[in-house]
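Model, not experiment: these values are computed from the prediction. Naming convention: chains lettered A, B, ... in sequence-line order (proteins, then strands); numbering from 1 in each chain.
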There are 4 protein chains.
Amino acid sequence: MQAKVFRLPMAHPGDVSALDGLISEGAVRANEIVAVIGKTEGNGGVNDFTRGYFTQSLMALLGKTLGKPAEDLIKQIPCVLSGGTEGVLSPHFVVLSRSGTASTAPQAEAALAIGTALSPPLAAEHVGRREHIQSVASAVTAAMADARISDPEDVHFVQVKCPCITSVRAEAAKARGQSVVTADANRSMALARAAGAFGVALALGEIDSSAASDAALLRDFGVFSDRASISSGVEVEANEVIVLGNSRSWSGDLLIAHRAMTDALDIGGVVAMLADLGIEAAPQVAPADAPRLKAVFVKCEPDRRAAIRGHRHTMLDDTDINAQRHVRGALGGLVAGVIGDGRIFVSGGAEHQGPDGGGLIAAIAERAVRPDGGR
Amino acid sequence: MQAKVFRLPMAHPGDVSALDGLISEGAVRANEIVAVIGKTEGNGGVNDFTRGYFTQSLMALLGKTLGKPAEDLIKQIPCVLSGGTEGVLSPHFVVLSRSGTASTAPQAEAALAIGTALSPPLAAEHVGRREHIQSVASAVTAAMADARISDPEDVHFVQVKCPCITSVRAEAAKARGQSVVTADANRSMALARAAGAFGVALALGEIDSSAASDAALLRDFGVFSDRASISSGVEVEANEVIVLGNSRSWSGDLLIAHRAMTDALDIGGVVAMLADLGIEAAPQVAPADAPRLKAVFVKCEPDRRAAIRGHRHTMLDDTDINAQRHVRGALGGLVAGVIGDGRIFVSGGAEHQGPDGGGLIAAIAERAVRPDGGR
Amino acid sequence: MQAKVFRLPMAHPGDVSALDGLISEGAVRANEIVAVIGKTEGNGGVNDFTRGYFTQSLMALLGKTLGKPAEDLIKQIPCVLSGGTEGVLSPHFVVLSRSGTASTAPQAEAALAIGTALSPPLAAEHVGRREHIQSVASAVTAAMADARISDPEDVHFVQVKCPCITSVRAEAAKARGQSVVTADANRSMALARAAGAFGVALALGEIDSSAASDAALLRDFGVFSDRASISSGVEVEANEVIVLGNSRSWSGDLLIAHRAMTDALDIGGVVAMLADLGIEAAPQVAPADAPRLKAVFVKCEPDRRAAIRGHRHTMLDDTDINAQRHVRGALGGLVAGVIGDGRIFVSGGAEHQGPDGGGLIAAIAERAVRPDGGR
Amino acid sequence: MQAKVFRLPMAHPGDVSALDGLISEGAVRANEIVAVIGKTEGNGGVNDFTRGYFTQSLMALLGKTLGKPAEDLIKQIPCVLSGGTEGVLSPHFVVLSRSGTASTAPQAEAALAIGTALSPPLAAEHVGRREHIQSVASAVTAAMADARISDPEDVHFVQVKCPCITSVRAEAAKARGQSVVTADANRSMALARAAGAFGVALALGEIDSSAASDAALLRDFGVFSDRASISSGVEVEANEVIVLGNSRSWSGDLLIAHRAMTDALDIGGVVAMLADLGIEAAPQVAPADAPRLKAVFVKCEPDRRAAIRGHRHTMLDDTDINAQRHVRGALGGLVAGVIGDGRIFVSGGAEHQGPDGGGLIAAIAERAVRPDGGR
C-alpha cells in the first residue's frame, strides 16, 4: 500500500485542469484519490466562495471521470480548502491518493500513511460541546485504523472539518427541545474548532479525558494538540477526518514530520521540522532538496494578547483587513522564505492547535537519495 | 561626533510619549535629533493619514521642547514614515540624533554616520525627469558631505522623500508654459520614486550618467540602487535626503550594513546582512544578540510578473487588499522571523530600489562585546 | 412572440435552485432562455470569482436540463454578471426568455422585446480601437433585428460583454506582427468598455461615425450613450450583445424604459424613468405597484473630478475599498430607497455610458391594471 | 441667545483651515463654540485615527486662539466624529455655537437650542449597566436645562459619547473588587451605546424606568429612542451629551426636526423630516431650498436579520468590508439623493437608536423666507 502526493497549481479557483491532465495521462488514478487539501485565493472568511467553486469543479471532474454523481463523491472524498493566499502564498492543491493493499508484514522503514473517516452526523446541540470532542476523537481513531497506524506518536497531522451551528440548525435543535451552546455562527465555528482540537488531542493521547472538558474550550489555551488542524463550516454535518502519519504498513519514499510553533516568529520550529525530514535550511532549503518537499501545512493565529514578544501588533483591531488574513500573510512569508517556495497551506483559526499565539507546521517529503542511489 | 539611534514604540499614530519621556529624563536631547524614520499603522496608501497625524504630534512635541514653530521644524528634520504594519510588524519610530563635533583625526574604527540634505524646491515639470534625477544626486552628495563620508562604498542606506505632481502643481506648471511628465498622481509618485532611485545610484556611482536616463525610468528594471529607499508624497516640495553609512570621522559603537534582496523569498540576503554586522541568525538572532539591533529597514515590491520562482502569486490582482500591503506583510513575516522582532521598517514601492521583484535590507547594530569587555 | 422576465434570488453564488425549481414546475422552459443578467456577491474586481462560479452552476443546470454540453451553452446564452452587492443590494439574477413566434401583423401596443447577437471573434489588436467600435455597432444592429426593433428610439438598454487584452493575447498579436493599444489589462478593459459604448451609440444613432473615433475613447466624455451598459472580461473573445426595447412585433404586458442619470445624486432620473413606466414614486413606489417592477439596471461611476456638486468625495483615493464598490453602494442605496427593493443590477465602470460622472437607469415593468381589469 | 451652525469642509482629517478662516475674519467667535460634530474619512472602526487627528488639530487651533491648553478644551467642548465617508458622503464638520444670553420673556417662535453636559466619570464596573443608563439620563436632563428646554417633545437630537471598557479599566475595576459586564472591548462599546440610548429614552420620557432595564440592552430591540445618537470610545471617561431642540428661549432662524427610519430603505422618513422643516423634496430638495439645510444627522444599522423587506443582504458576512461601512454608504446614497448634497453625518452602531433594522434622521434648517421677506 503506497501513498502518493501531487501538489498542483490552479490558475483560478475553478481550475482543476492540472489534475485533469494527470488523470488523462494516467499519472493519477481518480479512484485512488482519498483526500484533497488546498489553498484558494479568496478572503478565507464567511463570504469566501472560492472554496465552494473549487469543490464544485473538482467533484464535477471526478464525477465525470468515475461516472459517479458529484453529490456522492463530496461525502466520500474530504476536500479541505483554506481561503486566502496573502502575500507570497501561491494557490495550489494537494491530491492525496493511495494504491495497493496493505502488506501483511511490516516494511523495513515506515512510509507516509493516509487514513480518512467520517463521523456520524453531529446534532447542532452537540456542536462545540463534550459530544463533539468525543465524536472527533472516535473519528480520529477510526482514521488511524484506516491508515494502519496504531501508535499515536506516528501521527503527524490530523485535518478535521467540523460542522457549525447555523440559525436553521439552531431552530431545528430548539424544535427538538434541545439548546445550542451559542446562537452566534462565528462563535460556534470557533467552539467547533476548539472541540475538534480537543478531540484530536484526546485520540492522540496528548490530553486525558478529564482535560478534554467543555469548560476549557476557548478558555484554557494551555490545552492543545500540536498535530490538529481544524476547520469548521456550514457545508458539513459530520466531522470529516484526514490522518497523516508514518507507518511500516505502507511503502514508498514519502515521510511526514511536524513541529509546534511557539509564536508567529518561531522560525526555529520550521527549521527543526525540516531537519526531522532530513532537509537542511541554512538559511533556505537548497534547490537540490526543494523538489523533495511535497506538501507543507501551517496553522497559525494572531496572538490574542495583541503583542508578540513584547511588541504590539495591530492585527486584531484592523477594520480593513481581517486578522486571519494578516497572520496568514506573515507566516506565509516566513515559511516560504525558509523553504524557498510559496506553495504552502497556511490556515488561521488555530485555537488549541499548537501553543497559544503560535500554531504548528507539518510537511511531507521524499527521503533523501542515499549514496547507493536509493532513498 | 557620535550618532545615536532610539527605537521607540507608539501606542497609536499620535503617540510620541516614549520620546517625550526620553527627552524629559535627559536621555535624548531634542536639539540633537536630525531625522526620524517610522512605521505607522495606516494603510500605506494615498488616504493614509496616520503619517500626517504622527508628524503633527512629533513636531508639536519638538516645537514645544525647542521653543520653535512646528512649521519650521518640519522643514528641518526629515520625518519619513511608511504606513502599514501588516501581520507581525509593530508600529514604532526610530529617532536618529548626533552629538559632538567631528574629530580632526580619523578614529581607529568606523562608526555610524548620519547626514541630511534638502534639495532646492523641485518644479512640477521636473518631477520624474532628468532634472529630478540630478536634483536627488546632488542632495545625496551634500548629505554625504554632511555625514563626512567621502567613499560611496561607505554609504549603506539612503532614504529620500520626493515631491510628486498634484493637479494643482500641474496647473501651475501649465500656467508657466511647462508640461508635466504625467497628470496621473499615482503614476507621478512612481516616476518620482524611480527618479529618486536613479539619483541615489548616480551619486553613489552605482550607475553612470548615461544609464541615468529618463527613458529607463519604470522601464529598465536592470538599473537600480541597492541602497536607495525612496518615498514620494504631496507633503514635500523639495527632495529630503537622509544618508546613513559608516565613517571614521564618527565615534561610537554603532555600525550599519545592507544587502540587496533578489526576491521576496531571499532569506539569504537577510542573513548575510546580519553577518556583515557580526550577528549570526541560525536560524534566528539569539536573545543575547537581539538588543544589539537598533533599526532594520526593508524595501520590497510585489513581483510585476505575477509569479515568484515560478509560482503564481495573487497580490497584483486583489481588489480587496492593496498589493503593497500584501508584500509588506510577507516580508515583515520573513525578516521578523529571522531577527525575532516585529519592529522593522518595511516599505513598498521599491521600483529600481534593489533587483526587480526584490528589494533591499539594511540594519544598524551595536558592535559585539569583545572578550576584553569593549565593543 | 412574448418576452418573460424572472427575477430570482440566490443564497450564494453557486445557487441556481430557484431556477431549477421553476424549470421543474414548468414555469420556465429552459430552451426559451435567451439571456441572464445578475448580481453576485463578490468584490466586482479582477479577482471576483463569484461570476465564474455562478456561470458554471447555471450552465451545469441548463446543460443537464437541455442535454447539451455546458461549454456550448456558454457561447449561446449571454450570462452577464456584475459582482458586488454593497450595502442594501441583494444578490439575484434575472432570466430573460422568449416564446412563440413573431406575429405577422403588429400588435396594438408595443411590448418588451429581447434580441441577442454575438460578433465574430475580435482580434486583440482591434480591442479598444475603431474596429472594436464597429464590431459592437454591427452586433447591436444584428441584435435589434433579432428583437424585431427597427427604430433605435425603441431600444432602451443594451448590455454588451467585450473581450479585453490579456498578456497571452498581446503576445499572440505581436507574433502576428500586430500591436495592441495597451499592454495593461485594466486599461484595456476600460478602453474596451469605452469602445463598446461608442459602438452602441453609433448603432443607435446617438453619435455619428465621425464622433465615434478612437481618439475620443476615455478622453471626450461628452460622447456617450444613455442606453449602453458595457462590461469587459477575459472570459469572452467576441462581443456578446443583449438588446432590450419595446416593439409592436411582441405581445405581453411588459415594457422597458430608461433615463440618463446626470450624477450620483440624480434621484430625478430614477423617478422620471419610473414615470415613463406609469409608476409613481412619491417618494417610494407603493407596495401595490412594487410587484410590477421585474428588473432594474443601473450604471454608475465615481466622479473623476473627485467632487459631486462641489463637495469632495473620497472614493477615488481609498486604498481600502475600491472606488467602484463605493459608488455601487451609494447608487444601490438611492435606487433601492426609491423602489423599496434591493434587487437592483448596479454596475460600475460606466465610461461613456451616460453623462460624465453619472450613468443611466433602466427598468422592466408590467403595465398597470386598467379599470377594465386588463393591462 | 442664539444658536449658529457652520458646516465646513475639510481637505483631510488634519485640516481645520475653514474654521481658522472664519475665526480670522470674525464670522465665528472661538469662545462661542459649544460643540463640533463631524465626519472624517477613516474606516470608522477601532483603528480609525482620523478622529483623533481631527480632534488634535481642532483643539490646537482653538487652544491657540483662546490661549488655553488643548488638554482642557478637549474636556469642555464635545467633539463627536464619525469615521467613514463611504460613497457620496463628503468629509465635513459642523460647528455649533451660541451667543447672547437667554431672553427673560419667551420669543414668539421657537428657535434652535443647544445644550451640553458632562456626567461625572463613569466607573468601568458601571459601563453598559443600569448605572450607565441613569448617568446618561441625568446628563441629558442637565443638557436640556442648559438648552433651556423643559418639554422633552422639543428635543430632536441627542448626541452622546460614552466611555467603554478597556482591558486597563477592567483590571482597575477588578482591583477595586468590582466586576465588569464584559471584558470584550467591542461588546462593551455596543453595550455602552445601548445604555446611552436607554438613558436618552428615559430622560425624554420615551420609556419609563421599568423598561430601562439592563436585561433589555442589546436584547429587546423594541425599546428605543428615536432621537438618540450614541457613540462609544476609549477617549472619554464620562458621558458627553449634546442636546439639540427648539425653544422659545432662543432666537434666530434655525429649527431642528427628526424622524425615525423604519429600515434602510425608508425614504419616507427622510422626506417627512424635511417636510417638518417646511422643505419639500419631490423628489429632491430644490436648489433654492438647499442652502437652508445647515446640518443633517443619520443613524443606521445593517439589519441583524440579514434581510431587508424579505431580500437577503450581504453586509453582515462580508470579511472584506465592515458592515457599518456598507450601511453608511447605502444610507448616505439615499439621503444625499434626496437632499442633493453629500455633506451628511451618517453614523452606524444604531442599537436602540430608532426602530430595529432602521435608525433615525434629524436636520437643522433655516426657516423659509416669508412673503414679507422675513423668515
In this structure, CG of L265(D) is separated from CD1 of I339(C) (nearest 0.5 Å) by 9.0 Å
Whatever's closer than 4.5 Å to a heavy atom in chain C on R325(D) counts as side chain
Counting heavy-atom pairs under 4.5 angstrom with chain D, the leader among A281(C), G342(C), P91(C), A282(C) is P91(C)
**Prompt:** Is there a side chain to side chain contact (heavy atoms under 4.5 Å, CB included) between D266(D) and Q284(C) once you walk through the steps?
**Reply:** CA-CA 9 Å; D266(D) 185 13; Q284(C) 193 171 72; over 6 Å; no
Cut-off 4.5 Å, heavy atoms of chain D, and the answer for V88(C) is both
Residue from G329(D), G332(D), G268(D) scoring the most non-hydrogen pairs under 4.5 Å with chain C is G329(D)
Review point. Near K294(D) NZ, under 6.0 Å, is it more than 12 heavy atoms from other residues, nucleotides or ligands?
Key: yes
Greatest number of non-hydrogen atom pairs under 4.5 angstrom with chain D, of A264(C), G340(C), A307(C), falls to G340(C)
Between L334(C) and G337(D), the two heavy atoms sitting closest are CD1-CA, 3.7 Å
Comparing D303(D), T85(D), D263(D) against chain C, the one with the most heavy-atom pairs below 4.5 Å turns out to be T85(D)
For G87(D) and A330(C), the nearest pair of non-hydrogen atoms, with its separation, is CA-CB, 4.1 Å
The interface call for P9(D) against chain C, heavy-atom contacts under 4.5 Å, is neither
Filtered by a 4.5 Å non-hydrogen cutoff, the part of residues 308-323 of chain D contacting chain C is I308(D), R309(D), H311(D), R312(D), H313(D), T314(D), M315(D), D318(D), D320(D), I321(D)
**Prompt:** Would one find more than 12 heavy atoms of other residues, nucleotides or ligands at under 6.0 Å from atom CD of E235(C)?
**Reply:** yes
Honestly, the part of E86(C) sitting under 4.5 Å from a heavy atom of chain D is both
